[in-house]
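This report concerns only the one structure given below.
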Amino acid sequence: MSAPARRNDAAKSPQAVRSGSPHDLWQQAIRIRQEWLDQALSTQPADRPTAERCLTSIYARASRPRPRFEWVDSPDKARALTSGWPTLDQLYERIRDPRPRGTTPVASDIAMITSQLRGALSAGVAHTDPELSPVRASRTREPWPELAPPQALDSGVPLAVVLHQGVRAALHRSLAHGYRLPVRAALADDGPVPVCWYGQQDASWIAYYDTLRRLGLARYGPDEAGHLDTWADLARSCGWWWPGEDVCVVVDRPEVIRTEPVPGTAHDQIRLQPRGLRYRDGWQPLLSR
């Protein structure tokens with residue numbers, strides 16, 4: 001299916017706290033998940049002022065001034081501008097080094113504050129968050145099975161587990177395995193890809209904590225809520241981005257996205273068609289499975 005033009009007001013901030021049976025709450029969660037999937041597959045032009053505002057806020061949390069923004073039409077165009085920037089393996093090497101040299105890269109600081117945010121959000125969840133501690137069946141101590149949600153709830157799988165499987169894990173599989181990783185693999189033909197974030201395709205963890213908040217199953221402090229809202233606004237505003245010390249390279253959203261269902265999944269997962277992605281400069285990577 002092709003991604004139609006998406007509404008800018010989809011997946012907006014939390015509504016009033018809701019209540020109901022686990023089945024009712026799951027139905028509400030499906031609608032919120034779809035809002036975020038629509039954002040992740042949006043082909044509308046980037047909202048550049050909002051994206052730059054959000055990225056400036058993220059830089060400030062990493063104790064960095066507002067960067068200069070370089071907008072490009074595809075991840076392919078970002079390669080030349082980010083050449084020599086640290087890769088994930090290089091950041092891990094720095095973490096393991098007992099005496100790292102030089103200034104900590106901004107990408108490392110952003111990764112740290114994002115991890116801290118997710119930990120703080122999990123602390124605000126009303127139940128034991130499977131994001132931090134996998135929930136297991138009390139009798140067997142085995143992980144709960146991943147079933148179709150109505151069947152799972154009827155068979156005693158806790159709502160918390162169904163929400164984590166059906167929102168967090170399902171969107172991650174669709175947007176990471178079904179989108180980001182194949183595109184990164186196409187980019188990596190020319191060498192390792194520097195550390196980046198994915199804008200609209202970062203929606204899986206954002207959608208999860210937003211869902212819990214909107215269902216009344218989590219309560220976040222003002223700072224954590226505001227920080228989550230910054231990432232949510234960023235995911236509604238742009239594509240991939242690479243943080244440099246003085247320059248932040250930001251990709252506009254694609255021009256065409258065509259997806260297909262992944263057969264045999266319990267949570268309506270999708271993936272890109274082999275030639276289902278085209279950016280605004282015409283870059284159309286051949287995607288492998």
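Keep in mind the model is a prediction, meaning the values are calculated, not measured.
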Original post:
Under the side chain to side chain donor-acceptor pair (under 3.5 Å) test, which residues partner Ser74, sequence neighbours left out?
Top reply: Asp281
Subject >> Listed partners of Tyr279 passing ring pair (Phe, Tyr, Trp, His ring centres under 6.0 Å), at least two apart >> reply: Trp283
Subject >> Nearest atoms (heavy-atom pairs only) where Ala46 meets Asp252 >> reply: N-OD1, 2.8 Å
Subject >> Value rounded to 0.5 Å, distance of CG in Leu286 from CG in Asp189 >> reply: 9.5 Å
Subject >> Student check: side-chain heavy atoms of Leu217 and Val125 closer than 4.5 Å >> reply: no
Original post:
Passes side chain to side chain contact (heavy atoms under 4.5 Å, CB included), Ile257 versus Tyr179? Steps please.
Top reply: CA-CA 10 Å; Ile257 298 175; Tyr179 191 118; 4.1 Å; yes
Original post:
Within the distance-only criterion (no hydrogens, no angle test), does the side chain of Asp73 pair as donor or acceptor with the backbone N or O of Arg280 below 3.5 angstrom?
Top reply: no
Original post:
How far apart are the closest heavy atoms of Thr128 and Pro130, and which atoms are they?
Top reply: O-CD, 3.2 Å
Subject >> Sub-4.5 Å side-chain heavy-atom contact between Trp197 and Trp231 >> reply: yes
**OP:** Report the C-alpha separation of Asp38 and Gln34 in whole Å, then their side-chain angles, then the decisive distance to 0.1 Å, and conclude whether the side-chain hydrogen bond (donor to acceptor under 3.5 Å, both in side chains) test is met.
**Re:** CA-CA 6 Å; Asp38 287 348; Gln34 187 60 48; 2.9 Å; yes
Original post:
Does a side-chain N-to-carboxylate-O contact under 4.0 Å join Arg213 and Asp229?
Top reply: yes
Subject >> Under the side-chain contact (heavy atoms from CB on, under 4.5 Å) test, residues paired with His177 that sit two or more places apart >> reply: His172, Arg173, Leu181
Original post:
Looking at side-chain heavy atoms only, is the closest gap between Pro105 and Arg94 below 4.5 Å?
Top reply: yes
Original post:
So how far is it from Glu224 CD to His227 NE2, rounded to the nearest 0.5 Å?
Top reply: 9.5 Å
Subject >> Minimum side-chain heavy-atom gap Tyr59-Pro65 below 4.5 Å >> reply: no
Subject >> Derivation and outcome, side chain to side chain contact (heavy atoms under 4.5 Å, CB included), residues Val250 and Val72 >> reply: CA-CA 6 Å; Val250 193; Val72 294; over 6 Å; no
**OP:** Say whether, by atom type as modelled, one donor and one acceptor occur between the side chain of Gln200 and the main chain of Ser42 under 3.5 angstrom.
**Re:** yes
Side-chain donor-acceptor contacts of residues 106-121 below 3.5 Å, not counting sequence neighbours, with atom names and distances?
residue : atom : partner : partner atom : Å
Asp109  : OD2  : Arg64   : NH1          : 2.7
Asp109  : OD2  : Arg64   : NH2          : 3.2
Thr114  : OG1  : Ile110  : O            : 2.7

Subject >> side-chain contact (heavy atoms from CB on, under 4.5 Å) partners of Pro194, counting only residues at least two apart >> reply: Thr82, Trp85, Trp242
Original post:
side chain to side chain donor-acceptor pair (under 3.5 Å) with Glu255: which residues, sequence neighbours excluded?
Top reply: Arg278
**OP:** Applying side chain to side chain donor-acceptor pair (under 3.5 Å), name anything that partners Trp71, two or more places apart in sequence or on another chain.
**Re:** Glu52
**OP:** For Leu88, enumerate each residue passing the side-chain contact (heavy atoms from CB on, under 4.5 Å) test, keeping only those at least two apart in sequence or located in another chain.
**Re:** Tyr92, Val195
Subject >> Minimum heavy-atom distance between Tyr220 and Ala225, given as atom pair plus value >> reply: CB-N, 4.1 Å
**OP:** State whether the side chain of Arg168 and the backbone N or O of Leu163 hold a donor-acceptor pair below 3.5 Å, judged by distance alone.
**Re:** no
Subject >> Pairwise side-chain contact, Val162 with Leu153, heavy-atom cut-off 4.5 Å (strictly under) >> reply: yes
Original post:
For Gln90 and Thr87, what are the C-alpha separation, side-chain angles and deciding distance, and is it a side chain to side chain contact (heavy atoms under 4.5 Å, CB included)?
Top reply: CA-CA 5 Å; Gln90 289 170 335; Thr87 65; 3.4 Å; yes
**OP:** List in chain and number order the residues that pass side chain to side chain donor-acceptor pair (under 3.5 Å) with Ser122, two or more places apart in sequence or in another chain; answer none if no residue qualifies.
**Re:** Asp129, Tyr209
**OP:** Tell me, please, which residues at least two apart from Asp154 pass side-chain contact (heavy atoms from CB on, under 4.5 Å).
**Re:** His23
Subject >> Pair Ser21-Asp24, side-chain donor/acceptor within less than 3.5 Å >> reply: yes
Original post:
Is it true that a side-chain atom of Gln201 and a backbone atom of Leu175 form a donor plus acceptor pair closer than 3.5 Å?
Top reply: no
**OP:** Under the ring pair (Phe, Tyr, Trp, His ring centres under 6.0 Å) rule, collect the residues that match up with Tyr198, sequence neighbours excluded.
**Re:** Trp240
Original post:
Should Leu187 and Arg79 be marked as a side chain to side chain contact (heavy atoms under 4.5 Å, CB included) after you check the CA-CA gap, both sets of side-chain angles, and the distance that decides it?
Top reply: CA-CA 8 Å; Leu187 284 175; Arg79 292 301 303 263; 3.9 Å; yes
Subject >> Side-chain heavy-atom pair Pro285, Leu277 within 4.5 angstrom cut-off >> reply: yes
Subject >> Glu35 vs Arg214, salt bridge (Lys or Arg N to Asp or Glu O under 4.0 Å): CA-CA, chis, key distance, verdict >> reply: CA-CA 13 Å; Glu35 290 173 8; Arg214 290 167 66 176; 3.1 Å; yes
Subject >> Check: Trp241 and Val249 side chains under 4.5 Å, non-hydrogen atoms >> reply: no
Original post:
Would you call Asp223 and Arg61 a salt bridge, using N to O less than 4.0 angstrom?
Top reply: yes
Original post:
Which atom pair, heavy atoms only, marks the closest approach of Leu234 to Ala51?
Top reply: CD1-O, 3.9 Å
List, one per line, each side-chain donor-acceptor pair under 3.5 Å for residues 261-268, sequence neighbours excluded.
residue : atom : partner : partner atom : Å
Thr265  : OG1  : Val262  : O            : 3.2
Thr265  : OG1  : Gln269  : N            : 3.3
Asp268  : OD2  : Arg33   : NH2          : 3.4

Subject >> Student check: side-chain heavy atoms of Leu272 and Pro182 closer than 4.5 Å >> reply: no
**OP:** Check for a donor-acceptor pair, side chain of Arg275 on one end and backbone N or O of Gln284 on the other, with a separation under 3.5 Å.
**Re:** yes
